[in-house]
Amino acid sequence: MKILFVASELNPIAKIGGLADVIGALPKTLKKLGIDVRIAIPKYGIVDEEKYQLEKIAEGIKINFYNKDEKFDLYQCLLPASEVPVYFIDHQKYLGDNGIYFEKSAMPEDSLREAKRFTFFARSVLEIFEPLNWWPNVIHCHDWHVGILPFLLKSLSLKDKRYKKIAALFTVHNLEYQGHYEAKDISEMLDLPIPEKNIDQNKKINFLKSGLVNSDFINTVSPNYAKEILTKEYGAGLEDVLQKRKNELRGILNGIDTEIFNPENDPKIKYNYSIKNLEIKEKNKLYLQEICGLKQDSKIPLFGLVGRLAEQKGIDLISEIMDEATNLNCQMVFLGTGESKYENALRGAEKKYPEKIKVFIKFDAKLAQEIYAGCDIFLMPSRFEPCGLGQMISMRYGTIPLVRATGGLKDSVKNFQFSIFNIQSTGFVFEKYDHRELLKTIKKALLIFKNKKIWRKMQINGMSQNFSWQKSAKEYIKVYEKLKVLNNYSTLSS
Ligand code: ADP
């Protein structure tokens with residue numbers, strides 16, 4: 001079974017959010033399960049060629065783009081700590097400059113540079129099989145960036161039989177990011193007419209919709225989100241498209257890389273610990289308080305948040321409760337980048353309550369781990385959350401998540417129940433997207449924090465969960481097998 005992952009992010013080589021974590025972890029598990037899995041990403045300027053030992057394996061591969069012969073080179077390395085080959089498409093003009101995305105908010109809308117970058121990338125990927133002499137059974141496409149690829153695959157397969165044998169699986173990591181562009185612009189790039197079914201109500205081509213309607217199977221990253229996106233509330237305007245394909249839509253819960261996210265040997269944290277010596281976690285808390293310039297006192301509950309500062313993440317709810325929360329004898333540390341209004345709101349709160357709140361506006365993988373290890377409670381009051389990894393990582397580090405019951409958060413966190421004898425819970429969960437609900441839940445968590453026995457039990461419950469990729473990787477393999485059989489059958493019968 002030969003699978004090619006195609007995506008815009010890959011941990012640790014090019015990461016912004018959870019998409020990178022998935023692309024950096026799931027293939028490792030698939031490989032161990034016997035799948036010949038490989039990954040293709042753009043060779044962005046930020047890719048550290050020396051660190052990851054990139055090697056040029058082909059050059060001058062041609063594609064037609066804007067009616068011109070463009071040539072790109074192909075580089076390769078192995079995904080760190082694995083045998084998974086990673087291919088990098090190298091083209092200075094369209095892929096090489098800047099970071100991963102041009103738009104700070106990661107909202108692709110209206111940035112033609114973003115459209116050129118990812119259309120060029122998707123088109124190029126389809127030309128690497130011949131030079132590699134390796135043709136995948138399934139191209140596994142992730143999110144809007146490569147949403148155009150299944151359509152391109154279909155149009156190529158009309159001319160070349162070899163493409164006909166390849167199936168496309170499309171995974172939605174976030175339905176909100178879609179990529180709308182003028183169809184004539186994309187048509188010009190590709191020298192192809194864009195069929196109506198790729199077009200949105202606003203008359204533009206919608207990359208995500210194109211992925212949904214042209215792929216052979218669709219999945220999203222948690223069972224609950226797979227149901228939610230069929231509704232108007234969560235469907236981001238594509239609920240009707242998804243309804244039509246609901247028999248070919250599945251929710252497969254993400255895992256985390258339990259080798260990287262392991263408090264026992266994580267080199268990014270100061271004091272390693274495990275479920276057996278959980279008391280050492282406290283030293284990480286005191287250290288985190290020190291680097292945050294907050295009062296060092298293990299009795300003061302410490303909240304943490306690591307994430308993209310986007311509307312989705314519930315930062316507005318947090319802003320609304322800041323005055324009351326800081327009255328509750330607790331501390332808060334935030335790490336994130338994103339929309340200016342949220343960055344400014346957090347900076348404002350830090351200025352107002354410097355003894356209680358510390359804000360880091362940056363991307364910092366080491367500090368993120370220090371927060372997961374050092375905090376008592378991890379905040380994820382998301383408006384929506386396709387899966388969410390922060391809650392899983394925090395549980396693995398004995399930090400109790402406080403989340404809203406949405407998407408994968410609902411699938412992965414068990415809410416606290418008052419029961420003296422049989423505490424199964426792993427976190428605190430609230431239902432309604434409302435700041436009063438959040439505040440109430442924070443107060444509840446602070447109350448339980450005082451009971452060291454219950455708290456320890458909840459930490460142990462969280463740390464004992466199995467968030468590895470094993471189970472979900474096997475579900476993906478079933479999907480690949482089904483697609484391989486279906487595609488072989490349709491190629492034979494056509
Ligand atoms: P999303 O995919 O919506 O961004 P997830 O919870 O699925 O959210 O995954 C976020 C991932 O990105 C986690 O691994 C988190 O630790 C990491 N992350 C997000 N923001 C930062 C940041 N500013 N610095 C370091 N890591 C970050």
Side-chain angles (χ1 to χ4, degrees), residues 7-26 99-101 104-107 142-145 171-177 220-222 224-225 234 236 252-263 266 268-269 288 291 304-315 333-339 342-343 346-347 358-375 378-397 399 401-404 406-413 427 467 469 472:
S8 61
E9 296 186 32
L10 170 62
N11 189 45
I13 298 169
K15 170 165 169 173
I16 299 286
L19 173 62
D21 288 314
V22 175
I23 310 303
L26 172 58
I100 301 175
Y101 306 121
K104 199 172 168 217
S105 67
M107 263 296 177
H142 299 265
D143 265 358
W144 79 267
H145 322 96
T171 299
V172 179
H173 295 260
N174 197 326
L175 197 70
E176 200 80 3
Y177 301 99
T220 182
V221 289
S222 70
N224 192 40
Y225 192 60
Y234 289 96
I252 304 179
L253 192 69
N254 278 342
I256 53 172
D257 189 326
T258 47
E259 281 164 22
I260 292 182
F261 297 120
N262 183 358
D266 185 343
K268 294 194 174 79
I269 65 174
L288 180 62
I291 54 181
L305 182 148
V306 179
R308 292 181 300 107
L309 303 178
E311 201 216 349
Q312 164 196 349
K313 300 290 176 183
I315 311 295
V333 48
F334 298 91
L335 167 64
T337 57
E339 288 175 47
Y342 299 123
E343 293 185 355
L346 291 179
R347 280 204 188 102
K358 178 68 193 172
V359 176
F360 298 95
I361 302 292
K362 59 177 174 174
F363 187 92
D364 185 334
K366 183 169 188 303
L367 182 58
Q369 292 318 111
E370 286 165 340
I371 293 176
Y372 287 118
C375 283
F378 191 80
L379 288 173
M380 277 182 93
S382 306
R383 184 185 291 277
F384 69 93
E385 196 61 76
C387 177
L389 300 177
Q391 80 283 13
M392 297 189 197
I393 304 171
S394 70
M395 281 186 259
R396 180 119 172 103
Y397 283 74
T399 297
L402 191 161
V403 307
R404 191 171 93 79
T406 182
L409 296 173
K410 196 169 173 177
D411 284 325
S412 58
V413 182
F467 290 124
W469 270 104
S472 299

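Both counts, for ligands and for their atoms, begin at 1 and track the order of listing. The figures that follow rest on heavy atoms only: side chains count, while hydrogens, waters and symmetry mates do not. The chain is numbered in sequence order, starting from 1.
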Tell me whether Arg396 contacts the main-chain N or O of Thr258 through its side chain, where contact means a donor paired with an acceptor under 3.5 Å.
yes

Report the distance from atom CD of Glu9 to atom OH of Tyr101, rounding to the nearest 0.5 Å.
3.5 Å

Side-chain donor-acceptor pair present, Asp266, Tyr397, cut-off under 3.5 Å:
yes

Asn174 side-chain N/O to Pro386 backbone N/O, donor-acceptor pair under 3.5 Å:
no

Mutual orientation of the aromatic rings belonging to His142 and His173 [parallel < 30°, tilted 30-60°, perpendicular > 60°]:
tilted

Go ahead and list the nitrogen or oxygen contacts between ligand 1 and the protein that come in under 3.5 Å, distances to 0.1 Å, or just say none.
unit_1   : atom_1 : unit_2 : atom_2 : d
ligand 1 : 2 (O)  : Gly18  : N      : 2.8
ligand 1 : 3 (O)  : Arg308 : NH2    : 2.7
ligand 1 : 3 (O)  : Lys313 : NZ     : 2.8
ligand 1 : 4 (O)  : Arg308 : NE     : 2.8
ligand 1 : 6 (O)  : Leu389 : N      : 3.0
ligand 1 : 6 (O)  : Gly390 : N      : 3.3
ligand 1 : 7 (O)  : Leu389 : N      : 3.2
ligand 1 : 8 (O)  : Lys313 : NZ     : 3.1
ligand 1 : 9 (O)  : Gly18  : N      : 3.2
ligand 1 : 14 (O) : Lys15  : NZ     : 3.0
ligand 1 : 14 (O) : Asp21  : OD2    : 2.7
ligand 1 : 16 (O) : Tyr372 : OH     : 2.7
ligand 1 : 23 (N) : Lys362 : O      : 2.8
ligand 1 : 24 (N) : Asp364 : N      : 3.0

Asp257, Ile260, Val22 screened by side-chain contact (heavy atoms from CB on, under 4.5 Å) with Asn11, the one that passes:
Ile260

